[in-house]
**Student:** 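Mind looking over this structure? Questions follow.
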4 protein chains.
Amino acid sequence: MGTMRDAKTPDPARRNERSREAILNAAVELVGEVGYARLTVEAIAARAGVGKQTIYRWWSSKGAVVLDAFIAWSGAGGDTSLPDTGDIEKDLRAVLRATVAELREPRFDLPSRALTAESQMDPELAKQFVDAVLRPHLEATKERLRGAQKAGQVAKGIDLDVAVELLFGPLYHRWLLRTAPLTEAYADTVVDYALRALGPSEPAGARTPNAPGKRAPKGARKGGAA
Amino acid sequence: MGTMRDAKTPDPARRNERSREAILNAAVELVGEVGYARLTVEAIAARAGVGKQTIYRWWSSKGAVVLDAFIAWSGAGGDTSLPDTGDIEKDLRAVLRATVAELREPRFDLPSRALTAESQMDPELAKQFVDAVLRPHLEATKERLRGAQKAGQVAKGIDLDVAVELLFGPLYHRWLLRTAPLTEAYADTVVDYALRALGPSEPAGARTPNAPGKRAPKGARKGGAA
Amino acid sequence: MGTMRDAKTPDPARRNERSREAILNAAVELVGEVGYARLTVEAIAARAGVGKQTIYRWWSSKGAVVLDAFIAWSGAGGDTSLPDTGDIEKDLRAVLRATVAELREPRFDLPSRALTAESQMDPELAKQFVDAVLRPHLEATKERLRGAQKAGQVAKGIDLDVAVELLFGPLYHRWLLRTAPLTEAYADTVVDYALRALGPSEPAGARTPNAPGKRAPKGARKGGAA
Amino acid sequence: MGTMRDAKTPDPARRNERSREAILNAAVELVGEVGYARLTVEAIAARAGVGKQTIYRWWSSKGAVVLDAFIAWSGAGGDTSLPDTGDIEKDLRAVLRATVAELREPRFDLPSRALTAESQMDPELAKQFVDAVLRPHLEATKERLRGAQKAGQVAKGIDLDVAVELLFGPLYHRWLLRTAPLTEAYADTVVDYALRALGPSEPAGARTPNAPGKRAPKGARKGGAA
DNA sequence: TGGTAAACGAGACGGTACGTCGAGTCTTCTT
DNA sequence: AAGAAGACTCGACGTACCGTCTCGTTTACCA
């Protein structure tokens with residue numbers, strides 16, 4: 001009766017913060033050392049100097065620990081909003097370049113791949129992963145695009161969810177499948193192409209592909225899609 | 001010296017074709033029944049009426065078996081070239097719609113996800129998976145785009161690798177991350193947006209988004225990005 | 001330094017007594033059912049309702065389990081000392097007859113043979129087997145012989161270790177090699193012959209072999225060495 | 001009908017003698033190198049440059065191969081009869097000392113132990129082993145004892161089978177159980193004690209144990225039963 | 001401020017699957 | 001027809017981790 005909790009649910013108030021941190025640190029370290037597949041709960045517990053039960057008490061699976069560890073380590077939850085310089089192309093380039101930079105960083109790349117992979121087999125983890133890690137970035141980009149739409153830099157009828165996917169989809173595809181290297185120039189090219197699709201109609205002659213101009217800087221043209 | 005093989009390598013000529021087929025069939029069935037994560041080599045062997053060693057003799061891992069099974073089952077190796085009706089939009093819609101249809105088919109969806117996931121942890125498997133399953137489709141699309149480029153339907157300077165990613169990247173992103181449902185209308189929208197990016201410049205007034213016309217049929221407009 | 005144990009050694013205090021007993025019982029049962037050669041650790045674990053690891057944690061081999069099971073079952077560790085009626089021949093007959101009786105009992109015979117055989121291949125097991133099972137009996141017999149020596153029933157200079165072997169060696173030989181059946185009469189004969197070797201010198205005419213008397217009762221004379 | 005052999009029985013006439021020898025040699029070598037327990041049919045076949053089937057065609061088990069190999073190697077089948085110098089003690093000492101020497105020779109000790117052990121689990125092998133290897137020696141000894149009996153060196157009523165066991169049993173016991181080292185002095189002691197049991201009665205005073213004389217030489221007295 | 005209940009470290013437990021080994025059988029090709 | 005070679009099915013091996021379950025031992029609240 002009353003506020004009696006389920007007997008099995010642990011009391012977060014009594015949780016040992018020290019253990020929590022040790023577990024998360026151990027998880028991050030071990031993913032880096034042996035990869036996700038060879039990572040074991042037992043090894044995390046041993047490295048953290050913690051009983052296995054303490055892990056199972058607070059997390060439901062190896063994936064959940066790694067997700068938390070990744071979130072804690074990557075400082076997720078901070079401000080994900082894009083800069084708004086008034087120039088949508090410039091701002092998108094900044095965000096796609098930053099994304100490429102992250103994906104090239106092993107500390108980021110490895111757990112991200114692992115979590116993406118694990119998400120294919122664990123819908124609950126997938127939801128948490130997308131909501132905690134990816135959605136904020138996608139939403140921030142969408143928000144910036146909405147601003148551009150109001151400013152007339154993006155056509156009115158555009159579906160902004162698809163617009164976001166037009167930007168991140170190609171990166172994601174190339175990253176996961178390793179079909180070609182991820183470079184900043186590639187990020188620029190994707191922004192360039194995407195904005196052609198999203199932008200409003202233009203005066204005749206203004207949209208000649210490859211015409212010199214800020215939309216198609218040399219770097220993007222040349223090495224863009226190596 | 002000469003053609004001497006490693007003493008440990010089994011001789012493919014003496015391979016039992018019956019066992020090979022039974023293993024592949026068992027693998028396909030079991031992935032469908034219990035999913036990839038709960039799939040075990042032991043279960044495959046049991047179902048196939050085969051010794052475990054026979055699996056380990058010819059495949060290096062569970063993933064390798066599933067890949068082979070998937071290739072055999074999906075009839076990969078067939079003709080992957082796109083139709084060429086002369087209308088690039090129509091042809092791309094056909095291929096993206098077909099892709100969406102496949103991804104919605106559990107028999108295709110499940111092993112594809114599993115192999116994509118497993119590829120993140122096994123570079124060798126990744127290579128084989130991409131080369132055997134994905135590359136042919138991407139290359140075929142690229143080839144069709146090259147034709148369109150010659151026909152003036154796609155701008156001259158476009159990087160066709162990026163173009164292909166502009167088409168498949170969004171689908172792939174949505175499929176793997178399950179951020180929104182994959183529909184035919186979505187496929188149409190992606191084709192529509194992508195072609196705006198890839199197409200040659202047009203006379204003023206001709207490129208108003210959402211203007212009625214084959215590029216933006218009602219279906220695509222409405223449900224495109226649910 | 002000090003009492004620190006090897007990190008890998010399990011803590012006997014935390015051992016599950018129930019599991020230990022179940023394993024030992026299963027081992028005894030199974031040796032009886034399928035014999036030692038066809039006995040498997042897996043079967044013991046299954047029969048005992050126990051994980052294989054629990055067996056490997058506490059025993060080093062199949063042989064070690066069977067030895068423990070045999071010791072537990074045969075109630076080894078009890079009092080092995082011989083009766084001392086003052087008549088050495090009577091006492092030795094009792095013990096050799098009892099030995100023959102045991103060796104004819106399948107529950108005793110089978111594991112004994114198995115452990116003897118296994119001991120030939122595993123010196124550590126051999127040591128434990130001899131110390132735990134055989135030595136007590138040999139020592140007890142030796143002790144009784146020492147008493148007889150003091151009482152003048154056994155000659156002074158006799159090496160009692162050899163004396164013991166003179167008694168048990170023939171039984172053991174016949175038992176292991178199955179060259180002839182093991183009978184009580186045989187046991188009596190062996191005692192008779194051995195005591196002739198061990199006894200003090202006697203008055204002339206007193207030691208005619210086959211002379212009627214307690215040393216050579218009819219039974220022993222006739223079927224003794226069939 | 002008629003003389004048609006069972007289809008499965010191979011024709012000894014067509015047997016490849018070269019292979020037979022190679023197998024036997026390989027078996028002897030390998031028992032010496034890795035011991036019987038770790039000896040495998042596969043290894044024998046590989047070492048002999050022979051197909052496994054060729055082994056299974058002609059022998060029923062690993063033990064059977066080793067038995068044949070041992071017989072061939074030890075030159076069994078030769079003359080096993082004892083010398084007859086007229087002095088039974090001298091002759092028995094020679095044979096027991098020779099036995100001790102053999103048992104101390106690893107080439108003899110290892111396969112003998114293995115075959116004895118294996119015999120506990122394989123009655124068919126046991127029979128062959130005893131008949132081919134042991135029986136001849138035991139019979140030869142028995143024969144010599146029969147001679148001694150006729151010569152009055154052994155009492156009339158003695159059961160010669162038991163007599164033989166009185167001689168070899170102690171050696172066998174000590175050898176298999178490794179309760180004490182096997183030495184020549186020990187062999188002498190056993191002969192000494194056994195002959196006291198077997199010999200005819202003697203004039204009073206003649207049989208004082210430890211009395212100086214050929215029956216109890218210093219060596220035997222001292223180290224006999226270390 | 002001492003009692004008590006929770007979380008904790010440790011690690012044994014019943015299990016499942018691993019990847020390997022060898023047994024004995026079954027081709028297939030060679031001598 | 002027997003043999004060399006070796007792939008096959010089968011069963012067990014001993015190991016690694018899983019997730020659960022005791023064990024004492026802190027630790028933090030509250031009586």
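A note on names: the letters A, B, ... follow the listed sequences, proteins ahead of strands, and every chain is numbered from 1. Both backbone and side-chain heavy atoms feed into the values below; hydrogens, waters and symmetry mates do not.
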**Student:** I need the CD1-C1' distance between B:Ile44 and F:dT9, as an integer number of Å.
**Tutor:**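 B:Ile44 atom CD1 is separated from F:dT9 atom C1' by 17 Å.
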**Student:** Starting at CZ of C:Arg18 and ending at P of F:dC21, how long is that distance when rounded to a whole Å?
**Tutor:**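 Atom-to-atom, C:Arg18 to F:dC21, this comes out as 15 Å.
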**Student:** Separation of C:Trp59 atom CH2 from F:dC13 atom P, in whole Å?
**Tutor:**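 Rounding to the nearest Å, CH2 of C:Trp59 and P of F:dC13 are 15 Å apart.
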**Student:** Any base atoms under 4.0 Å from C:Trp58, or only sugar-phosphate, or nothing? Heavy atoms, all strands.
**Tutor:**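 Sugar-phosphate only.
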**Student:** Applying salt bridge (Lys or Arg N to Asp or Glu O under 4.0 Å), name anything that partners C:Glu21, two or more places apart in sequence or on another chain.
**Tutor:**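 Testing C:Glu21 for salt bridge (Lys or Arg N to Asp or Glu O under 4.0 Å), a comparison that skips the adjacent residues, returns none.
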**Student:** Less than 4.0 angstrom from a charged side-chain N to a carboxylate O is my criterion; do D:Glu33 and D:Arg47 meet it?
**Tutor:**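 D:Arg47 and D:Glu33: salt-bridged.
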**Student:** Are A:Glu118 and A:Arg113 within salt-bridge range, i.e. N to O under 4.0 Å?
**Tutor:**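 No, this pair does not count.
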**Student:** I'd like to check the side chain to side chain contact (heavy atoms under 4.5 Å, CB included) partners of D:Ala48; sequence neighbours left out, ordered by chain and number.
**Tutor:**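 Per chain and number, D:Ala48 pairs via side chain to side chain contact (heavy atoms under 4.5 Å, CB included) with D:Ala22, D:Ile23, D:Ala26, D:Val50.
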**Student:** By the side-chain hydrogen bond (donor to acceptor under 3.5 Å, both in side chains) test, which pairs, at least two apart or in different chains, include something from residues 54-63 of chain A?
**Tutor:**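 Qualifying pairs: A:Trp59-A:Asp68.
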**Student:** Measure the distance from CZ on A:Arg15 to C1' on F:dT27 and round it to the nearest whole Å.
**Tutor:**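 Rounded to whole Å, this separation is 16 Å.
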**Student:** Round to a whole Å and report the spacing from CD1 of A:Ile55 to C1' of F:dC17.
**Tutor:**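 In whole Å, F:dC17 C1' lies 13 Å from A:Ile55 CD1.
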**Student:** How close or far is atom P of E:dA12 from atom CD of C:Glu17, stated in whole angstroms?
**Tutor:**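 About 16 Å, once rounded to whole Å.
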**Student:** By salt bridge (Lys or Arg N to Asp or Glu O under 4.0 Å), which residues pair with B:Arg107, not counting sequence neighbours?
**Tutor:**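 None.
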**Student:** Would C:Lys127 and C:Glu124 pass as an ion pair if we require N to O under 4.0 Å?
**Tutor:**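 Salt bridge absent between C:Lys127 and C:Glu124.
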**Student:** Can you confirm whether D:Arg15 is buried at CZ, in the sense that more than 12 heavy atoms of other residues, nucleotides or ligands lie under 6.0 Å from that atom?
**Tutor:**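 Yes - once you tally the heavy atoms of other residues, nucleotides and ligands closer than 6.0 Å, there are more than 12.
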**Student:** What is the per-nucleotide protein-contact pattern of nucleotides 14-23 of chain E, from the 5' end, where B denotes a base atom under 4.0 Å from a protein heavy atom, S denotes such proximity for sugar-phosphate atoms only, and - denotes neither?
**Tutor:** BB-BBBBBBB
**Student:** Can you give me the N/O atom pairs linking the protein to nucleotides 28-31 of chain F at distances under 3.5 Å, or say none if there are none?
**Tutor:**
none

